[in-house]
Chemist: 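Dumping the structure here so I can ask a few things about it.
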Amino acid sequence: MAQSADELIARYVKAVGGAGNISAVTTLRETGKYYGGGGSIAPVVQLNKRPNMVREEYTTQGLTGVNAFDGHTGWKIDPWGGKKDPESLQEEELKAIIEDSDFDGPLVNYAEKGNKVELVGKEQVEGTDTYKLKVTLRSGDVQYFYLDDEYAVPIKIDIERTIRGAVRYYEVFPGEYKAVSGWYLPYFTEGNVKGSPDKWKVVYDKIDANVPVENAKFEKPPLSTPAH
């Protein structure tokens, strides 16, 4: 049965809990572990707050790094080189965190966000029939969402980011959707640079909705004053 992009998005929104349940969530706190190459494991915490604030923390070697976006400015604290002060994000880091800051993801209310969505056909992903949606973000970067034919939830996302004129390609596989205040969110995400055997994954053990989070959590902290 042929469907339009808007009909598929409506199915997706209904499948993950409905527009009312999604909009009733104003903050999310996701805690879990990142599994990287070489057997590395690191605790991670991600905080999101409407409309487009995000803070990501990653702890390893007893130090915690931060990437954050307050709706206007992206910044990071990268303590492993002995640096404690916040720095501006590089171009690709900034694009990635702006994507992460979209509270509902790029499909929900896509036109209001300046995104364009088109249905480009059907495709199989690891034996599952999917509808393939092309999402052109306001930035001009492109993502392809593969929505499970039966459940209308994304089981794969292809990400194309243009960095200094060159396109970089990534694959992300979300799964293990569970209800958080009536909104079904993925508790598992695996990804890699397209074509690379090196995969990373994030597994969340807890996602809390509507936790109190001050805006200051997302704002770039002041530089530390050097000791005299």
Side-chain angles (χ1 to χ4, degrees), residues 1-23 25 28 30 32 34-35 44 46 48 50 52 54 56 95-139 141-161 167-196 199-204 207 209:
M1 171 182 158
Q3 300 196 42
S4 70
D6 283 335
E7 286 171 330
L8 281 167
I9 291 169
R11 271 188 68 199
Y12 158 67
V13 168
K14 185 177 178 185
V16 295
N21 280 337
I22 294 173
S23 62
V25 175
L28 286 169
E30 301 172 296
Y34 169 91
Y35 298 84
V44 291
Q46 179 166 322
N48 284 76
R50 288 193 185 277
N52 59 343
V54 62
E56 299 166 351
K95 283 192 166 186
I97 200 141
I98 289 173
E99 290 168 17
D100 289 347
S101 76
D102 185 345
F103 198 88
D104 312 310
L107 295 179
V108 178
N109 299 324
Y110 69 87
E112 291 171 25
K113 296 171 181 173
N115 300 336
K116 293 178 188 162
V117 180
E118 54 192 301
L119 175 60
V120 292
K122 293 195 78 172
E123 208 166 296
Q124 279 210 331
V125 174
E126 297 177 351
T128 300
D129 289 327
T130 70
Y131 288 98
K132 183 177 179 181
L133 292 176
K134 179 182 180 182
V135 183
T136 305
L137 302 175
R138 191 170 63 181
S139 66
D141 289 338
V142 174
Q143 298 184 356
Y144 292 93
F145 277 71
Y146 298 82
L147 301 187
D148 180 296
D149 184 15
E150 186 176 356
Y151 300 106
V153 296
I155 59 170
K156 181 186 178 189
I157 304 164
D158 286 339
I159 297 170
E160 300 178 1
R161 289 194 201 108
V167 182
R168 299 184 187 180
Y169 299 90
Y170 303 88
E171 298 175 306
V172 176
F173 298 86
E176 294 185 20
Y177 287 81
K178 298 177 191 172
V180 179
S181 289
W183 179 12
Y184 283 80
L185 294 169
Y187 271 67
F188 172 94
T189 306
E190 187 175 69
N192 57 286
V193 175
K194 201 159 192 173
S196 167
K199 290 189 188 301
W200 55 264
K201 67 181 178 183
V202 175
V203 180
Y204 292 114
I207 302 180

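Here the structure is a predicted model, which is why all the values come from computation and not from measurement. Below, each value reflects all heavy atoms present in this structure, side chains not excepted, and no hydrogens, waters or symmetry copies.
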Chemist: Arg161 and Tyr170: side-chain contact (heavy atoms from CB on, under 4.5 Å), yes or no, with the steps?
Modeler: CA-CA 8 Å; Arg161 289 194 201 108; Tyr170 303 88; 3.7 Å; yes

Chemist: Could you pull out all residues at least two apart from Tyr169 that satisfy side chain to side chain contact (heavy atoms under 4.5 Å, CB included)?
Modeler: Glu160, Val167, Lys194

Chemist: Please check if the number of heavy atoms outside Lys199 that lie under 6.0 Å from its NZ is greater than 12.
Modeler: yes

Chemist: Keeping to residues at least two apart or across chains, list the salt bridge (charged side-chain N to carboxylate O under 4.0 Å, His left out) pairs with something in residues 145-157.
Modeler: Lys122-Asp149, Lys156-Asp158, Lys156-Glu171

Chemist: If you measure from CD1 on Ile9 to CG on Leu133, what distance do you get to the nearest 0.5 Å?
Modeler: 6.0 Å

Chemist: Which atom names give the shortest non-hydrogen contact between Tyr12 and Pro154, and what distance separates them?
Modeler: CE1-CD, 3.6 Å

Chemist: Can you name the nearest heavy-atom pair linking Ala15 to Val153, along with the distance?
Modeler: CB-CG1, 4.2 Å

Chemist: Should Thr130 and Leu147 be marked as a side-chain contact (heavy atoms from CB on, under 4.5 Å) after you check the CA-CA gap, both sets of side-chain angles, and the distance that decides it?
Modeler: CA-CA 5 Å; Thr130 70; Leu147 301 187; 5.7 Å; no

Chemist: Any heavy-atom pair between the side chains of Thr189 and Trp200 that's under 4.5 Å?
Modeler: yes

Chemist: Is the side chain of Ser23 donor-acceptor paired with the backbone N or O of Ala19 at a distance under 3.5 Å, no angle test?
Modeler: yes

Chemist: Any side-chain heavy-atom pair from Thr136 and Asn115 closer than 4.5 angstrom?
Modeler: no

Chemist: Between the main-chain N or O of Val172 and the side-chain N or O of Asn192, is there a donor-acceptor pair closer than 3.5 Å?
Modeler: no

Chemist: So do Leu119 and Tyr131 actually touch side chain to side chain, heavy atoms under 4.5 Å?
Modeler: yes

Chemist: Around Phe188, counting heavy atoms of other residues, nucleotides and ligands shown, do more than 12 lie under 6.0 Å from its CZ?
Modeler: yes

Chemist: Sequence neighbours left out, what passes ring-ring contact (aromatic ring centres under 6.0 Å, His included) with Tyr34? Give chain and number order.
Modeler: Tyr58

Chemist: Less than 3.5 Å apart, any donor N or O on the side chain of Gln143 or Asp141 sitting next to an acceptor on the other?
Modeler: no

Chemist: Taking atom CD of Gln124 as the centre, does the number of heavy atoms from other residues, nucleotides or ligands within less than 6.0 Å exceed 12?
Modeler: yes

Chemist: List the residues meeting side chain to side chain contact (heavy atoms under 4.5 Å, CB included) with Ser181, not counting sequence neighbours, and say none if there are none.
Modeler: Val25, Ala209

Chemist: Let me see the working for Leu185 and Lys178 under side-chain contact (heavy atoms from CB on, under 4.5 Å), right down to the final yes or no.
Modeler: CA-CA 6 Å; Leu185 294 169; Lys178 298 177 191 172; over 6 Å; no

Chemist: Does any non-hydrogen side-chain atom of Ile207 lie less than 4.5 Å from one of Leu28?
Modeler: yes

Chemist: Suppose the criterion is salt bridge (charged side-chain N to carboxylate O under 4.0 Å, His left out): which pairs have a residue in residues 127-137, not counting sequence neighbours?
Modeler: Glu123-Lys132

Chemist: Distance-only check: which donor-acceptor pairs under 3.5 Å involve side-chain atoms of residues 102-114, not counting sequence neighbours?
Modeler:
residue : atom : partner : partner atom : Å
Asp102  : OD1  : Gly105  : N            : 3.4
Asp102  : OD1  : Lys113  : NZ           : 2.7
Asp102  : OD2  : Lys113  : NZ           : 3.4
Asp104  : OD1  : Arg50   : NH1          : 3.1
Asp104  : OD1  : Arg50   : NH2          : 2.8
Asp104  : OD2  : Arg50   : NH1          : 3.2
Tyr110  : OH   : Asp6    : OD1          : 2.7
Lys113  : NZ   : Gly105  : O            : 2.8
Lys113  : NZ   : Val108  : O            : 2.9

Chemist: If you define the side chain from C-beta out and look only at heavy atoms, does anything of Arg138 sit under 4.5 Å from Lys116?
Modeler: no

Chemist: Taking side chain as C-beta onward, heavy atoms only, is Ile22 less than 4.5 Å from Val16?
Modeler: yes

Chemist: Can you name the nearest heavy-atom pair linking Pro174 to Ile157, along with the distance?
Modeler: CG-CD1, 4.3 Å

Chemist: Any non-hydrogen side-chain atom of Glu126 less than 4.5 Å from a side-chain atom of Phe173?
Modeler: yes

Chemist: Is there side-chain contact between Tyr144 and Val135, with heavy atoms separated by less than 4.5 Å?
Modeler: no

Chemist: If you apply the rule side-chain contact (heavy atoms from CB on, under 4.5 Å), what do you find for Glu99 with Leu137, and how did you get there?
Modeler: CA-CA 9 Å; Glu99 290 168 17; Leu137 302 175; 4.0 Å; yes

